[in-house]
There are 2 protein chains.
Amino acid sequence: MPNTRPKYSVIADQLMRDIRDNRLTVGSLLPTENDLMRAFGVSRHTVRAAVQDLKSRGIVATRQGQGSKVISATGQAAFAERIQSIDQLIAFGQETRRELLSRETVEADEETARRFGCEPGRRLAKVRMLRRSLDGDRKIALVTLWMNTLLDEIVTELAHAQRSAAEIIRERFGLDTNVVEQAISADRLDEDTAAILDAEPGSPALIVTRAYFESRDDEPFLLARSIYTADALRVVSTFVAPGRA
Amino acid sequence: MPNTRPKYSVIADQLMRDIRDNRLTVGSLLPTENDLMRAFGVSRHTVRAAVQDLKSRGIVATRQGQGSKVISATGQAAFAERIQSIDQLIAFGQETRRELLSRETVEADEETARRFGCEPGRRLAKVRMLRRSLDGDRKIALVTLWMNTLLDEIVTELAHAQRSAAEIIRERFGLDTNVVEQAISADRLDEDTAAILDAEPGSPALIVTRAYFESRDDEPFLLARSIYTADALRVVSTFVAPGRA
DNA sequence: TTCGAAAATTTATACGGACAACCGAATGAA
DNA sequence: TTCATTCGGTTGTCCGTATAAATTTTCGAA
């Protein structure tokens with residue numbers, strides 16, 4: 001049999017369904033590992049892998065000697081983006097797998113031109129990619145990149161390698177990313193994007209746009225817009241006053 | 001028989017030290033599980049528990065058939081965020097006015113207790129406020145604050161003055177805000193919140209939660225959650241590589 | 001040389017067993 | 001009653017083994 005889901009994942013899904021449908025209520029205890037072993041006919045190891053999955057999603061909390069407690073029906077976001085430096089901002093791309101959706105040359109429209117700092121009608125390379133989680137097949141985000149057509153050749157490498165666009169551009173073109181401007185907003189998913197992300201049209205989405213600069217005075221050499229389904233991303237940052245920790 | 005740390009935890013720590021001290025560089029591969037087994041003299045299971053730990057911290061990413069890649073060094077710091085004051089954390093389009101909605105003493109539920117780092121049932125002051133635009137009557141956000149009941153007396157001042165809660169708390173209680181953790185996510189507006197904000201239930205919202213700490217090791221002294229309608233806020237930040245501009 | 005198939009390498013899944021640490025309830029002594 | 005102890009149940013750690021799946025490397029045929 002070719003593509004069977006792992007058992008622990010099937011069990012985790014079943015438990016999540018039970019929680020969502022209130023067969024297991026928030027605040028109550030999960031069946032014990034022994035019960036789950038018998039119920040699903042698997043080893044304790046597999047049961048623990050399933051519970052570990054729920055734990056990492058923030059759905060249950062375990063306590064030695066007591067049991068596993070359901071603490072949330074929905075869980076927290078699977079991805080927490082911790083931005084403390086440019087390097088970490090860039091490294092985030094490595095945790096996901098990219099899939100090339102489309103690749104074309106377009107003329108900059110009014111808004112894109114303004115953000116790029118060029119005149120409308122300038123030819124730009126436009127690339128759309130899908131970001132998936134490394135482990136499962138969860139679809140994380142729809143990413144659209146705009147860049148100078150000269151940089152367009154990085155796309156093939158981008159789709160296959162695990163490195164970020166900024167990293168590849170530095171290596172191939174000697175362009176260093178020193179400044180990144182990031183804007184975060186919320187919106188509804190439109191029909192097309194929802195279809196791509198397997199989500200419901202109109203459901204909430206987090207939109208992160210970034211402009212990459214070599215220096216603050218230059219035009220950006222890369223624009224990126226990522227559309228995340230609401231449950232796929234929480235942007236987490238820690239701000240520390242200088243001197244204190 | 002003194003309490004020894006679990007082996008997997010010791011191994012994870014050792015690997016994190018190796019990464020921080022550049023014996024293992026970001027972008028390179030971790031030693032294979034077999035190598036680590038031999039190096040530490042433990043079973044593969046234990047090695048995997050250690051790697052799992054690093055994975056959950058976002059330090060390494062594993063890929064079947066390829067290996068475990070170091071994607072982020074932890075302790076680097078080198079702070080790249082330009083924030084003048086806590087109030088600048090969020091760039092508002094315009095100034096806002098606060099209006100007190102409710103003020104009560106509640107018992108911390110499971111989730112609030114976890115975020116606060118206290119035990120459930122602890123009594124907390126809970127305050128809800130509405131932020132409106134200065135000019136017209138546009139409703140911007142619903143803000144909920146949780147704090148120690150001792151701090152409760154700032155509320156009246158908060159509703160009238162234009163200053164932030166953190167500022168008032170420093171003045172009145174000598175508590176300095178040195179660390180702020182901020183998380184941004186998207187969600188639908190529920191019935192109640194939508195009614196308060198004059199928005200459509202189910203429409204997208206941007207949720208900003210912040211925890212204010214005096215020091216990184218303490219419990220936060222203030223939790224704030226702000227729910228913005230999608231069109232009311234864009235969070236803009238600029239990241240600059242250290243040393244450059 | 002080039003390309004596809006096979007082999008080697010590496011992580012992922014899954015089974016089994018054993019003991020330790022911890023919690024809560026039951027027990028028994030003062 | 002009250003408090004310390006014991007005991008059963010539950011999760012945590014750790015070992016061993018085996019097979020599957022994904023990726024990279026090697027190698028032979030054209």
Side-chain angles (χ1 to χ4, degrees), chain A residues 1-15 24 27-56 58-71 94-99 132-138 157 159-163, chain B residues 1-15 24 27-56 59-71 119-120:
Chain A
M1 223 184 315
N3 272 323
T4 59
R5 297 266 310 283
K7 289 186 188 179
Y8 78 90
S9 176
V10 172
I11 294 173
D13 273 2
Q14 179 60 52
L15 292 174
L24 294 170
S28 68
L29 291 179
L30 227 57
T32 69
E33 294 178 351
N34 259 309
D35 289 346
L36 293 174
M37 283 172 64
R38 280 188 289 271
F40 289 100
V42 298
S43 71
R44 183 164 171 234
H45 179 93
T46 303
V47 165
R48 283 180 64 78
V51 173
Q52 170 63 40
D53 191 350
L54 298 187
K55 223 169 27 167
S56 73
I59 293 176
V60 308
T62 63
R63 244 168 79 194
Q64 195 174 137
Q66 192 203 41
S68 304
K69 193 174 189 177
V70 181
I71 59 175
Q94 295 185 328
E95 298 168 15
T96 58
R97 191 191 299 251
R98 281 183 287 252
E99 183 183 318
R132 305 169 159 267
S133 59
L134 274 186
D135 50 350
D137 277 337
R138 239 161 59 76
E157 187 170 350
H160 292 85
Q162 278 299 307
R163 299 180 306 160
Chain B
M1 43 208 72
N3 260 347
T4 56
R5 294 267 309 286
K7 289 187 189 177
Y8 78 89
S9 176
V10 172
I11 293 173
D13 274 2
Q14 180 59 52
L15 291 174
L24 294 169
S28 68
L29 292 177
L30 228 57
T32 68
E33 294 179 351
N34 259 310
D35 288 346
L36 292 174
M37 282 171 65
R38 280 188 289 271
F40 289 100
V42 299
S43 73
R44 178 154 175 250
H45 181 92
T46 303
V47 166
R48 283 180 64 78
V51 173
Q52 170 63 41
D53 192 349
L54 298 187
K55 224 169 29 166
S56 73
I59 294 175
V60 307
T62 63
R63 225 163 133 189
Q64 194 173 133
Q66 191 203 46
S68 304
K69 191 175 188 179
V70 181
I71 59 174
E119 64 290 347

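Heavy atoms only: backbone and side chains are in, while hydrogens, waters and symmetry mates are out. Keep in mind the model is a prediction, meaning the values are calculated, not measured. The chains referred to below are lettered A, B, ... by the order of the sequence lines, with proteins before strands, and numbering in each begins at 1.
Between B/Leu15 and B/Leu36, the closest side-chain pair of non-hydrogen atoms falls below 4.5 Å.
Atom CG in A/Leu30 sits roughly 16 Å away from atom C1' in D/dG9 (whole-Å rounding). Whole-Å rounding puts the B/Arg44 CZ to C/dG16 C1' distance at 16 Å. Atom pair B/Asp35:CG and C/dT9:P shows a separation of 12 Å (rounding to whole Å applied). For the pair A/Leu29 CG and C/dC22 P, the computed distance is 19 Å after rounding to whole Å. Atom CZ in A/Arg38 sits about 12 Å away from atom C1' in D/dT10, given to the nearest Å. In this structure, the CG atom of B/Leu54 is 15 Å from the C1' atom of C/dT11, given to the nearest Å.
A sub-4.0 Å separation between OP1 or OP2 of C/dT10 and a side-chain N or O of B/Ser68 is absent. For A/Thr46, no side-chain nitrogen or oxygen approaches OP1 or OP2 of C/dT13 to under 4.0 Å. Neither OP1 nor OP2 of C/dA14 sits under 4.0 Å from any side-chain N or O of A/Tyr8. For the OP1/OP2 pair of C/dA12 and a distance below 4.0 Å, the side-chain nitrogens and oxygens of B/Arg48 include at least one atom meeting the criterion.
Across C/dA14, C/dA18, D/dC15, the shortest atom-to-atom separation from the side chain of A/Lys7 is found for C/dA14. Listed candidates were C/dT11, D/dC15, C/dA14. Nearest to the side chain of A/His45 is C/dA14. For A/Thr32, the listed nucleotide lying nearest its side chain is D/dT10; candidates were D/dC15, D/dG12, D/dT10.
Residues of residues 60-67 of chain A that place a heavy atom closer than 4.0 Å to DNA chain D, in numerical order, are A/Thr62, A/Arg63, A/Gln64, A/Gly65, A/Gly67.
Nearest-nucleotide positions on DNA chain C place B/Lys55 closer to the 5' end than the other of A/Val42 and B/Lys55.
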